[in-house]
Amino acid sequence: MLQPKRPIGLANANHRMLRKISCTVVLLLAGVALAPQGVALAQPASNTATFDLAQHPTNHADSLWVVVNKKRPLIPLKYAPVTSKPKFALPSTNNPYGRQLAKPAALAIVILANAMRAEGAGDLVLNSGYRSFGEQTYVHNRQVQRFGLEAGEALAARPGYSEHQIGLAADVSALGQGCVIQFCFGGTVGGKWLRENSWRFGFIVRYPKGKTPITGYDYEPWHLRYVGTALSRQMRKDGVTVLETFFGLPAAPAYRH
Ligand SMILES: [Zn+2]
């Protein structure tokens with residue numbers, strides 16, 4: 001798994017140690033605790049009458065537009081997509097851990113990586129991609145056993161609730177630019193380029209800064225979600241950064257209990 005040298009914004013040594021586990025597994029207690037409850041968004045935020053919000057369902061695990069969060073588990077919970085290794089130009093650099101993604105994301109991330117390199121933003125590194133229900137179960141159980149339910153779940157998403165399980169999420173960094181799976185990645189050349197350009201290739205930065213009360217996740221500048229260019233372009237056009245807001249879905253600051 002990932003071993004960033006110096007996690008930022010975490011309160012104590014235990015958290016620093018645990019930050020070594022990979023991203024969507026990691027939720028910050030502070031963000032969850034401060035999140036207001038019951039924030040419901042009744043109307044979709046897309047303001048373009050011609051955009052068809054029903055092109056792909058948001059509640060099917062195999063849909064390009066599925067919205068999975070702490071209030072929207074995958075159905076079925078053990079959903080497993082067909083995945084493959086992206087065919088990167090520089091496999092040992094771009095995919096040193098041999099990660100896999102669902103097919104549309106696997107194709108698109110290669111184009112994204114090529115453009116990132118060509119435009120001088122660095123060599124993309126795919127740190128984490130698809131994670132199975134079983135892998136997520138292992139991580140979740142380990143953290144809950146070690147730290148108890150509340151603290152453990154602040155660090156590890158429940159199996160069936162992770163975007164990585166649909167194969168459309170990628171935790172990326174840029175070779176040699178540091179801040180791997182850290183907030184400061186957003187300030188690197190690669191992180192800035194991804195924030196400004198991922199939409200061109202069908203990706204969004206799924207957990208933007210300041211949206212924790214809606215997404216339930218702290219800022220994760222490294223976590224990209226593939227949604228396809230039709231949606232990523234429309235979100236860009238509308239100035240909407242969060243899937244829940246775009247589709248008018250309820251905020252998901254915490255799990256149902
Ligand atoms: Zn992630």
Side-chain angles (χ1 to χ4, degrees), residues 1-2 21-27 53-88 91 94-114 124-141 156-173 181 194 198-199 201-207 215-217 220 222-235 242-244 246-247 249 252 255:
M1 298 299 279
L2 306 168
I21 67 172
S22 163
C23 141
T24 25
V25 222
V26 177
L27 316 178
L53 286 165
Q55 285 174 67
H56 302 279
T58 56
N59 58 353
H60 292 186
D62 61 352
S63 168
L64 202 53
W65 294 357
V66 65
V67 179
V68 53
N69 61 34
K70 292 175 184 175
K71 295 206 183 299
R72 297 171 61 89
L74 290 169
I75 303 169
L77 208 59
K78 294 185 178 179
Y79 171 74
V82 175
T83 60
S84 62
K85 253 187 223 177
K87 293 183 169 51
F88 287 114
N94 298 131
N95 195 6
Y97 313 107
R99 303 301 189 201
Q100 301 207 357
L101 293 169
K103 191 173 180 183
L107 294 171
I109 203 164
V110 171
I111 301 168
L112 171 83
N114 290 343
L124 181 136
V125 178
L126 179 61
N127 296 294
S128 187
Y130 169 61
R131 289 200 293 265
S132 70
F133 181 91
E135 288 170 310
Q136 198 69 25
T137 302
Y138 173 79
V139 173
H140 179 265
N141 286 348
R158 293 179 185 177
Y161 289 76
S162 171
E163 260 200 346
H164 284 280
Q165 196 179 317
I166 57 175
L168 297 175
D171 294 338
V172 303
S173 61
I181 319 296
L194 287 164
S198 291
W199 65 274
F201 310 94
F203 288 91
I204 59 170
V205 175
R206 176 69 172 98
Y207 306 118
T215 65
Y217 289 84
E220 292 192 355
W222 60 84
H223 178 108
L224 303 181
R225 159 69 192 272
Y226 185 70
V227 295
T229 51
L231 179 53
S232 64
R233 286 175 183 162
Q234 189 64 39
M235 289 177 74
V242 175
L243 290 178
E244 286 83 357
F246 186 86
F247 288 110
L249 299 170
Y255 293 109

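Count residues from 1 along the sequence.
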Going from [atom1] on [X] to [atom2] on [Y], what distance comes out if it is rounded to the nearest 0.5 angstrom?
X: Asp171; Y: Ile181; atom1: CG; atom2: CD1; answer: 4.5 Å
X: Phe246; Y: Ser232; atom1: CZ; atom2: OG; answer: 10.0 Å
X: Phe133; Y: Leu77; atom1: CZ; atom2: CG; answer: 5.0 Å
X: Phe203; Y: Thr229; atom1: CZ; atom2: OG1; answer: 11.0 Å
X: Glu244; Y: Arg206; atom1: CD; atom2: CZ; answer: 4.0 Å
X: Tyr161; Y: Lys71; atom1: OH; atom2: NZ; answer: 9.5 Å

So which atom in [X] and which in [Y] form the shortest heavy-atom distance, rounded to 0.1 Å?
X: Glu135; Y: Ser132; answer: OE1-N, 2.7 Å
X: Leu243; Y: Arg225; answer: CD1-NH1, 3.8 Å
X: Ala105; Y: Leu168; answer: CB-CD2, 3.9 Å
X: Asn127; Y: Ser173; answer: ND2-OG, 3.0 Å
X: Pro104; Y: Tyr226; answer: CB-CE2, 3.7 Å
X: Pro81; Y: Ile166; answer: CG-O, 3.5 Å

### Task
Verify side chain to side chain contact (heavy atoms under 4.5 Å, CB included) between Lys70 and Tyr217, making sure each step is shown before the conclusion.
CA-CA 9 Å; Lys70 292 175 184 175; Tyr217 289 84; 4.2 Å; yes
### Task
Would you check, one step at a time, whether the test side chain to side chain contact (heavy atoms under 4.5 Å, CB included) holds for Asn95 with Gln100?
CA-CA 9 Å; Asn95 195 6; Gln100 301 207 357; over 6 Å; no
Donor-acceptor pair, [X] side chain versus [Y] backbone, under 3.5 Å?
X: His164; Y: Tyr130; value: no
X: Arg72; Y: Thr58; value: yes
X: Trp199; Y: Ile204; value: no
X: Gln165; Y: Ser162; value: no

### Task
Apply the test side chain to side chain contact (heavy atoms under 4.5 Å, CB included) to residues Val242 and Thr215: give CA-CA distance (whole Å), side-chain angles for both, the deciding distance (0.1 Å), then the verdict.
CA-CA 8 Å; Val242 175; Thr215 65; 3.8 Å; yes
### Query
With a distance cut-off below 6.0 Å to the six-membered ring centre and an angular limit of 45° from the axis, does Arg158 pair with Tyr255 as a cation-pi contact?
yes
### Task
Report yes or no: do Glu163 and His223 form a side-chain donor-acceptor pair below 3.5 Å?
yes
### Task
Applying side-chain contact (heavy atoms from CB on, under 4.5 Å) between Val172 and each of Leu112, Val125, Ile109, report the one that passes.
Ile109
### Task
Among Leu126, Leu107, Val110, find the residue that satisfies the side-chain contact (heavy atoms from CB on, under 4.5 Å) test when tested with Leu101.
Leu126
### Task
Assess whether side chain to side chain contact (heavy atoms under 4.5 Å, CB included) is satisfied between Val67 and Phe247, documenting all intermediate values.
CA-CA 9 Å; Val67 179; Phe247 288 110; 4.1 Å; yes
